[in-house]
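Since this is a predicted model, take the numbers as computed values, not measurements.
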Amino acid sequence: MKSTVSNSASVPMSAPVRVRMAPSPTGSPHVGLVRTALFNWAFARHHGGQFVFRIEDTDKERSTDESLASIIDLMRWLGLDWDEGPEVGGPHAPYFQSQRGDIYADALARLQSSGRVYRCYCTTEETEGRALAKKEEYAAAKAAFAAAGGQGTKPEAPVMGYDGFCRDLTDEQIAAFEAEGRASVPRLRMPDGSITWNDLVRGEVTFETKHVPDFALARANGDPLYTLVNPVDDALMEITHVLRGEDLLSSTPRQIALYEALKEVGIAKATPEFGHLPYVMGEGNKKLSKRDPEAHALAYRDQGFVPEGLLNYLALLGWSIAADRDIFSLEEMVEAFDIKDVNANPAKFDLKKCEAINATHVHQLSVEEITDRALPYLKRDGVISDPVSDADAQLLELAMPFVAERVSKLTEVGDLLHFLFVPEADFVLDEADKAKMVDSDEGQAVLQAAYDALRSLEVWSAAQISDALTQALVEEMGLKPRVAFGAVRVAATGRRVSPPLFESLELLGRERSLGRLQGALS
RNA sequence: GCCCCCGUCGUCUAGCGGCCUAGGACGUCGCCCUCUCACGGCGGUAACGCCGGUUCAAAUCCGGUCGGGGGUACCA
């Protein structure tokens with residue numbers, strides 16, 4: 001008896017869109033999680049639906065509070081708000097699977113009595129042993145077939161995994177196993193035929209169910225497994241569209257089969273639509289793993305990326321807003337986002353491009369905004385004391401216009417302005433730059449001339465400084481500007497890379513500027 | 001082994017039968033601007049994996065092949 005299950009148009013078109021993000025709080029959140037969250041969020045917002053945030057902490061061993069806190073922290077930083085979930089609650093609370101044990105126990109009981117689920121008494125060893133035997137049998141049959149010169153019927157390759165041994169046990173067999181004191185796990189009886197769904201990003205996908213073994217829904221000790229818990233919660237929370245990673249693609253037929261059973265026992269109203277997002281890849285052709293430094297989402301915040309930039313870049317991994325455009329805001333993404341436009345092929349994470357996209361978002365901010373956002377980093381990195389003194393705040397405000405367009409990340413503000421805030425006693429020159437620009441005879445001569453020219457300046461302004469230095473170094477000494485100003489730059493700011501020199505000297509002030517020039521003279 | 005997914009410049013992508021001598025962005029290279037570094041401007045570089053088929057016409061449709069990835073758990 002063949003039956004074919006298809007979930008096309010299972011969710012009524014009139015139903016409001018409800019999507020979810022369901023991370024497991026294990027380890028530090030991954031950029032792939034952010035991309036998945038972003039697409040779900042954008043999808044919900046585009047359709048005026050709800051975005052549900054649920055914590056899949058069924059694995060008690062690996063779940064940690066620290067991980068949970070960092071995921072929430074991350075989502076808040078990114079500005080991806082959720083309508084139901086941790087901290088905000090909602091009609092389907094609790095949103096932590098660790099608190100939903102009764103719900104799963106009830107679901108299991110109902111499934112069990114429906115006949116769609118049976119108890120399996122096999123031990124892992126027995127299952128594996130049979131699979132191995134089948135494999136060997138196949139190898140032997142194949143060899144015999146080859147030896148016979150391809151005569152006879154070609155042996156069919158066995159399907160690995162659980163073989164359905166306990167599918168049709170008699171009451172006597174069950175009683176015997178029970179009497180033996182064997183433990184058992186509940187398994188879903190996969191229907192015959194095939195399972196087809198119209199994947200939102202890949203189109204029609206079909207699996208023959210003979211390749212999908214009956215799967216366990218809970219451990220022998222009763223702990224529910226992901227295979228049960230995830231669809232049960234999606235059903236109860238009335239999720240209409242499941243947008244998730246490609247790694248879950250092959251478990252979809254099992255979930256659709258489970259949905260059929262859940263509908264039968266009154267837990268699910270409809271089967272959701274599924275869409276499988278491509279992987280975010282790292283170096284080589286491997287999925288970006290936790291070992292890759294680029295994988296850690298919160299590290300981008302620590303490094304001074306702005307959420308607008310990270311999100312824009314991540315959106316580009318699998319989606320594009322237009323043929324000739326790749327810079328856009330979250331609002332623009334929400335407006336334009338269509339799951340049908342999402343690419344099915346995996347994308348490699350390119351840090352250079354991520355930084356470039358981030359830079360243009362930083363440059364789109366006002367100088368005041370960049371200042372506000374950079375301040376926490378300046379404090380964190382010890383560039384500016386915390387709390388900030390009025391004098392420092394004022395100096396920062398004056399200096400920011402010179403660095404705002406030069407930074408691609410917020411942390412770079414500190415790199416560029418450190419020289420302005422560092423106490424004179426702690427001010428040191430970069431070794432290499434000093435050796436190259438300051439220590440030479442020419443460098444020393446330049447610094448002496450610069451010192452003499454600036455000492456008598458009447459008005460300490462960028463314009464006056466520029467005139468005086470150009471006159472003394474370029475015109476009178478006949479030096480090339482890059483040589484002349486380079487030496488002064490290193491002496492005053494400590495590095496060959498700095499904000500514009502004359503403005504920097506003005507901000508530094510006469511006393512400190514002269515002091516530094518003098519300090520660089522040996 | 002078996003099942004499923006994927007295949008356009010180095011990278012992310014546009015392309016959904018003629019608009020493609022394949023467009024944009026990042027990268028890279030050269031030039032300009034220039035007190036350094038950036039920014040900005042101009043220009044160059046570089047791709048439809050392969051083979052068949054359908055068609056007047058294919059990057060676009062079909063088949064095969066090769067390559068990559070994932071799954072094949074009492075993990076998620």
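Using N1 to N3 plus N6-O4 or O6-N4 for Watson-Crick, or N1-O2 and O6-N3 for G-U wobble, each under 3.5 Å, B:rA73 pairs with nothing. Partner assigned to B:rC56 is B:rG18, using Watson-Crick or G-U wobble distances below 3.5 angstrom. With a cut-off of 3.5 Å on both Watson-Crick or G-U wobble distances, the partner of B:rU36 is given as none. With a cut-off of 3.5 Å on both pairing distances, the Watson-Crick or G-U wobble partner of B:rG67 is B:rC6. Across all strands shown, B:rC42 pairs with B:rG30; the Watson-Crick or G-U wobble distances both stay below 3.5 Å.
You'll find a donor-acceptor pair under 3.5 Å spanning the side chain of A:K353 and the base of B:rC12, going by distance alone. For A:R254 against B:rU72, a side-chain-to-base donor-acceptor contact under 3.5 Å is absent.
The two residues A:D233 and A:Q97 come nearest to each other via the heavy atoms OD2-NE2, 2.9 Å.
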Worksheet item: Run the salt bridge (Lys or Arg N to Asp or Glu O under 4.0 Å) check on A:R62 and A:D59 step by step: do they pass?
Response: CA-CA 6 Å; A:R62 296 195 298 147; A:D59 189 333; 3.1 Å; yes
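Separating the CZ atom of A:F402 from the P atom of B:rC39 is a distance of 19 Å, rounded to the nearest angstrom. Atom-to-atom, CG of A:D247 to C1' of B:rC5 comes out at 12 Å; the value is rounded to the nearest Å. Here the P atom of nucleotide B:rG1 and the CG atom of A:L132 are 17 Å apart, to the nearest Å. In this structure, CD1 of A:I256 is placed 15 Å from P of B:rC4, rounded to the nearest angstrom. Taking atom CG of residue A:L68 and atom P of nucleotide B:rA76, one finds them 17 Å apart after rounding to whole Å. Here the C1' atom of nucleotide B:rC39 and the CD atom of A:Q364 are 14 Å apart, to the nearest Å. The interatomic distance linking A:L316 (CG) with B:rA14 (P) rounds to 10 Å, in whole Å.
Between A:F337 and A:F39, the two ring planes are tilted [angle within 30° to 60°].
Remark on RNA chain B: of its neighbouring residues A:G161 and A:Y226, the 5'-side contact belongs to A:G161, judged by nearest-heavy-atom nucleotide. Residues A:E204 and A:I357 both approach RNA chain B. Their nearest nucleotides, taken by heavy-atom distance, put A:E204 toward the 5′ side.
Across B:rA76, B:rC4, B:rC74, the shortest atom-to-atom separation from the side chain of A:T124 is found for B:rC74. Between B:rC35, B:rG1, B:rC6, one nucleotide has an atom nearer to the side chain of A:A344 than all others, and that is B:rC6. Closest to the side chain of A:R406, out of B:rA38, B:rC74, B:rC35, is B:rA38. Nearest to the side chain of A:A347, among B:rA76, B:rU13, B:rU72, sits B:rU13. With B:rC35, B:rG1, B:rC74 as the candidates, the nucleotide lying closest to the side chain of A:Y138 is B:rG1. For A:H211, whose side chain is taken as the heavy atoms from C-beta onward, the closest listed nucleotide among B:rC4, B:rC26, B:rC2 is B:rC2. Closest approach to the A:L249 side chain among B:rC26, B:rC5, B:rC12 is made by B:rC5 (side chain taken as heavy atoms from C-beta onward).
Counting any heavy atom pair closer than 4.0 Å across all strands shown, A:L501 reaches a base atom. Backbone-only contact: A:N343 has heavy atoms under 4.0 Å from sugar-phosphate atoms and none from a base. Among the atoms of the strands shown, only primed sugar atoms or phosphate atoms (P, OP1, OP2) are found under 4.0 Å from some heavy atom of A:T206. At the heavy-atom level, A:L248 lies under 4.0 Å from base atoms of the strands shown. If you check every strand for non-hydrogen atoms under 4.0 Å, A:E503 touches a base. Using a 4.0 Å heavy-atom distance criterion, A:F349 is classed as making no nucleic acid contact. Residue contacts shown for A:E355 are absent, as no nucleic acid heavy atom lies under 4.0 Å away. Nucleic acid contact for A:V159: none, since no nucleic acid atom lies under 4.0 Å from a heavy atom of the residue. Contact annotation for A:V403: no contact, since no heavy-atom pair falls under 4.0 Å across all strands. Within 4.0 Å (heavy atoms only), A:P500 reaches at least one base atom of the nucleic acid.
Of the C1' atoms belonging to B:rU36 and B:rU45, the separation is 29 Å, rounded to the nearest Å. One P atom belongs to B:rC3, the other to B:rU65, and the distance between them is 12 Å to the nearest Å. B:rU60 and B:rU8 are spaced 12 Å apart, taking the P atom of each and rounding to whole Å. Here the separation of B:rU21 from B:rG41, taken at their C1' atoms, is 27 Å to the nearest Å. When the C1' atom is compared between B:rG17 and B:rA59, the two are found 10 Å apart, to the nearest whole Å. B:rC12 sits 23 Å from B:rC51 when the P atoms are compared, rounded to a whole Å. Annotation: B:rC16 and B:rU11 have their P atoms spaced 23 Å apart (nearest Å). When the P atom is used for both B:rG23 and B:rA46, the distance is 12 Å, rounded to whole Å.
Listed pair A:R244 / B:rA76 fails the phosphate criterion, with no side-chain N or O lying under 4.0 Å from OP1 or OP2. One finds a side-chain N or O of A:R187 lying less than 4.0 angstrom from the OP1 or OP2 phosphate oxygen of B:rC74. Contact annotation: A:T26 side-chain N/O to B:rA76 OP1/OP2 distance is not under 4.0 Å.
Under the 3.5 Å distance criterion, with hydrogens and angles disregarded, a donor-acceptor pair is assigned to the side chains of A:D57 and A:S98. When only modelled atom types and interatomic distance are considered, A:E332 and A:S329 share a side-chain donor-acceptor pair under 3.5 Å.
By the salt bridge (charged side-chain N to carboxylate O under 4.0 Å, His left out) test, A:E355 is found to be paired with A:K409, residues two or more places apart in sequence or in another chain being considered.
Using a 4.0 Å cut-off on heavy atoms, the residues of residues 486-498 of chain A that approach RNA chain B are A:R489, A:R496, A:V497, A:S498, listed by number.
Distance check, rounded to the nearest 0.5 Å: OG1 of A:T252 to OH of A:Y259 gives 11.0 Å.
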Could you tabulate the donor-acceptor pairs under 3.5 Å formed by side-chain atoms of residues 463-480 of chain A, not counting sequence neighbours?
unit_1 : atom_1 : unit_2 : atom_2 : d
A:T470 : OG1    : A:S466 : O      : 2.6
A:Q471 : NE2    : A:E476 : OE2    : 3.0

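The ring pair (Phe, Tyr, Trp, His ring centres under 6.0 Å) test with A:Y313 singles out one residue from A:W319, A:F328, A:F349, and that residue is A:F349.
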